[in-house]
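These figures come from a predicted structure and were not determined experimentally. Remember, it's 1-based here, ligands and their atoms both numbered in the order they're listed.
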Amino acid sequence: EKGGYPHFMLKEIFEQPRSIMDSMRGRLVAENTQLTMSSIREYENRFKNANRILIVACGTSWHAGLVAEYLIEELARIPVEVEYASEFRYRNPIINEGDIVIAISQSGETADTLAALELAKSKGALIFGVCNVVGSSIARATDAGAYTHAGPEIGVASTKAFTAQVTVLTLIAMMLAEKRGTMEKSALHQLMLEMEQIPAKVEKALQLDKEIQAIAEIFKDSSNFIYLGRGLNFPVALEGALKLKEISYIHAEGYPAAEMKHGPIALIDENMPVVVIATKDNSYEKVVSNIQEVRARKGRVIAIVTEGDTVIPEMAEFVIEVPEAHEALVPLLSVIPLQLLSYHIAVMRGCNVDQPRNLAKSVTVE
Ligand code: M6R
């Protein structure tokens, strides 16, 4: 049932070209500049006139929520807040009738996320679900929603569910941009075309597996890791760090790269591996300076870069190239090497990658 792979996690990582495609199917036809999601159409006016979107989720789903925040604000110009469901439900949050709450959950059974959406519902918000498990408690409790089509995810560490969530949320951001007229038609069309190319590019990124395995070998005995990224790659840094913690039990922290100088830089010495996501986007130059800061303190840099980058290979110890893509779609590619890196490190350390200690696939207790 693992399809020839030694672990479900690896199988699920390699399924991503397919699961991303399945999450777009029927929703995006770039050729005709067509985006459809019946649940959004049904509540078109609510979405069009939303004062604010609140996103509630936990763990990896919360990271997908952060990606969505940046995309919805950038493309559709609707203010978005992302909250840990566990905090939201206990802090008497301000929820107004014109608000839309998006609950993101792979399992659809996470107790805190379910309680958070019930609370928001009782205050009159429209509740929209992005779930993977059909008919799950969260899916049933929402007013509307769009399923991710990742298929069953068995590995406790979420991989294909994350990229499916990001895919669906990106489509939602694009649809809202279209309905609100916040994007030039040609720019939107271009983004759609590039979105269609993502599964093939993910396929290409997966070919990095051997290369990443070699890097994992070098760092498998490290006790700490730092992950840095800016913009859309900041949530990816958080996700990379979470993956490593969960399955290899190595202490890892993700930070927005510019926050480093406000504290974490004190941790950097010759024993600290620093994974920097430095793809070509509008914060590229800034990330390059962050890499120099790490190097100046002898930190060991593993950089995730865009194919063809000639600058960063001069300064980073290890470089992993991902295919070039539209800036808005980079998280779908930059997360792949991070999943593989944590997988290989965990296997080399003899950890149970599919069922890490102390964790359950869905957290149905608070
Ligand atoms: O099923 P959900 O998406 O609601 O689960 C939320 C988190 O418990 C989950 O993402 C958790 O952080 C994963 N183990 C991450 O790999």
(Q) With a 3.5 Å distance limit and no angle check, can you tell me whether Arg41 reaches the backbone of Met37 through a side-chain donor-acceptor pair? (A) no
Which ligand 1 atoms, with their elements, are less than 4.0 angstrom from a heavy-atom of [X]?
| X | result |
| --- | --- |
| Val156 | 13 (C), 14 (N), 16 (O) |
| Ser158 | 15 (C), 16 (O) |
| Thr60 | 10 (O), 12 (O), 15 (C), 16 (O) |
| Ser61 | 2 (P), 3 (O), 10 (O) |
| Ala157 | 16 (O) |
| Ser105 | 1 (O), 2 (P), 3 (O), 4 (O) |

Would [X] and [Y] count as having a side-chain donor-acceptor pair, cut-off 3.5 Å?
| X | Y | answer |
| --- | --- | --- |
| Tyr90 | Glu366 | yes |
| Gln16 | Thr163 | yes |
| Glu324 | Thr306 | no |
| Glu194 | Gln190 | yes |
| Thr110 | Asp112 | no |
| Ser342 | Lys245 | no |

(Q) One residue to check: Lys243. Relative to ligand 1, which of side chain, backbone, both or neither has a non-hydrogen atom less than 4.0 Å away? (A) side chain
(Q) Tell me the contacting part of Glu246 for ligand 1: side chain, backbone, both, or neither, using a 4.0 Å heavy-atom threshold, strictly below. (A) side chain
Can you report which non-hydrogen protein atom sits closest to [atom], along with the distance?
| atom | answer |
| --- | --- |
| atom 8 (O) of ligand 1 | Val363 CG2, 4.0 Å |
| atom 6 (C) of ligand 1 | Cys58 O, 3.3 Å |
| atom 1 (O) of ligand 1 | Ser107 OG, 2.6 Å |
| atom 5 (O) of ligand 1 | Thr110 OG1, 3.5 Å |

Q) So is Lys2 actually on top of Tyr5's ring, under 6.0 Å and inside 45° of the axis? A) no
Q.
Using the rule that Ile, Leu, Val, Met, Phe, Trp and Tyr join whenever any side-chain heavy atoms are under 4.5 Å apart, tell me whether Phe162 and Phe14 fall into a single cluster.
A. yes
**Q.** Polar contact flag for Lys361 and ligand 1 (N/O pairs, less than 3.5 Å)
**A.** no
